[in-house]
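Worksheet: the structure to be examined is printed underneath.
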Amino acid sequence: MTAKLRKKLKKGNLRNLPSEYRGRFAPSPSGSLHFGSLIAAVASYLDAKAHQGKWLLRIEDIDQARVQTGAIQSILQILEGYGFAWDETILYQSQRFKHYQKTLDDLIYQQQSYPCSCTKKIIKQTAKLGQYGWIYVGTCRQSMANPQAQQYAYRLKCNDLTISFEDKLKGKQTQKILSEVGDFILKRSDGVFAYQLAVVIDDAYQHISHIVRGEDLLDNTARQIYLQQLLKLSTPEYLHFPIAKDKTGRKLSKSNQAPEIKIADKLENIHQALQFLGQQPPAITDFEHIDDLWKWAIIHWNRNKIGTTL
Ligand code: GLU
């Protein structure tokens, strides 16, 4: 990376990691919180608090079309009602577009990113299906497949680097970016910045040192580390916990209509989340107030127990 790009990135407030623990919870407001998202909040919160760290909140409202009316307010009310206390001001991705664009512009200038006019149809005809989805073969790397296209995406020109990292729960993870994933998207053809770009820029901006999130995001991590290395940003520590599933074995998610959690059920739900996370709390009847349960949970938090009682 040139001095110019570094200077520009600095202006976009990307800094290196601090020595203190800084964790985060980053819900997408495509719906309210369900039990699966509560587990992500609880695990990231307890890991931060057990390390005397900070816990930050980021609303990932990057894809405005998917933001559900009232979801942000409902997420904040539930978190507050459950007794979560976040440090610092909430970061909204919808207010960060110019930073994402600035980084993208620099990558384009450096010829690290290129426009791609491939339609889904072309991709399916040319790409092969790998274990992480369609592997883009770089059709538009040299020149756009369809120069007449009105809309195009931007992709990252990847090298065949093997990215390895040590997940604190799952151990060593390895991914070959170019051959197993391909040049991935930084900005979609509808103008929406990709999760990979926004999350890397914002984790750096918020000085996040530890990321605790569900294992459904595990295979995204190597791409994020690849981008961090390219942008000369530090790599946080990662821990991916098992995700909650419904009776039919499907991931609990907004798109699967997982039920919204209620403030009235906070004691039961936090107790259940602790059980899910292997923390073996005493019987719920031992806790009169949610604060007592939180106190117990912070003191007894043991990340090595996660996944042991599933
Ligand atoms: N916004 C993502 C979600 O709600 C989480 C992203 C992350 O933790 O990196 O699933």
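For reference, positions follow the sequence shown, starting with 1. Counting starts at 1 for both ligands and their atoms, following the listed order. No experiment lies behind these values; they were computed from the predicted model shown.
No cation-pi contact links R155 to Y114, judged by a cut-off of 6.0 Å to the six-membered ring centre and 45° from its axis. A cation-pi arrangement is absent between R58 and F25 under the rule of less than 6.0 angstrom and at most 45 degrees off the ring axis.
Residue-level proximity to ligand 1 for P27 is carried by the backbone, the only part with a heavy atom below 4.0 angstrom.
In this structure the side chain of R188 never reaches within 4.5 angstrom of the side chain of F193, judged on heavy atoms.
For ligand 1 and E60, the ligand atoms under 4.0 Å from any heavy atom of the residue are 1 (N), 2 (C), 5 (C), 6 (C). Annotation for ligand 1: atoms under 4.0 Å from non-hydrogen atoms of Y195 are 6 (C), 7 (C), 9 (O). Of all the atoms in ligand 1, the ones that sit under 4.0 Å from a non-hydrogen atom of A26 are 1 (N), 2 (C), 3 (C), 4 (O), 5 (C). Annotation for ligand 1: atoms under 4.0 Å from non-hydrogen atoms of R24 are 7 (C), 8 (O), 9 (O). Within ligand 1, counting atoms from 1 as listed, the ones closer than 4.0 Å to a heavy atom of V199 are 9 (O).
In this pair, Y82 and F84 present their aromatic rings parallel. The plane angle is below 30°, not in the 30 to 60° band.
In this structure, the side chain of S189 does not engage the main chain of A153 through any donor-acceptor pair within 3.5 Å.
For atom 10 (O) of ligand 1, the nearest non-hydrogen atom from the set L33, D63, L217 belongs to L217.
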Mind listing the side-chain donor-acceptor pairs of residues 40-56 below 3.5 Å, one per line with the distance, residues two or more places apart or on another chain?
| unit_1 | atom_1 | unit_2 | atom_2 | d |
| --- | --- | --- | --- | --- |
| S44 | OG | A40 | O | 2.8 |
| S44 | OG | A41 | O | 3.2 |
| S44 | OG | W55 | NE1 | 3.0 |
| D47 | OD1 | W301 | NE1 | 2.8 |
| D47 | OD1 | R303 | NE | 3.0 |
| D47 | OD2 | Y21 | OH | 2.7 |
| D47 | OD2 | R303 | NH2 | 2.8 |
| K49 | NZ | G53 | O | 3.3 |
| K49 | NZ | D87 | OD2 | 3.2 |
| H51 | ND1 | D47 | O | 2.6 |

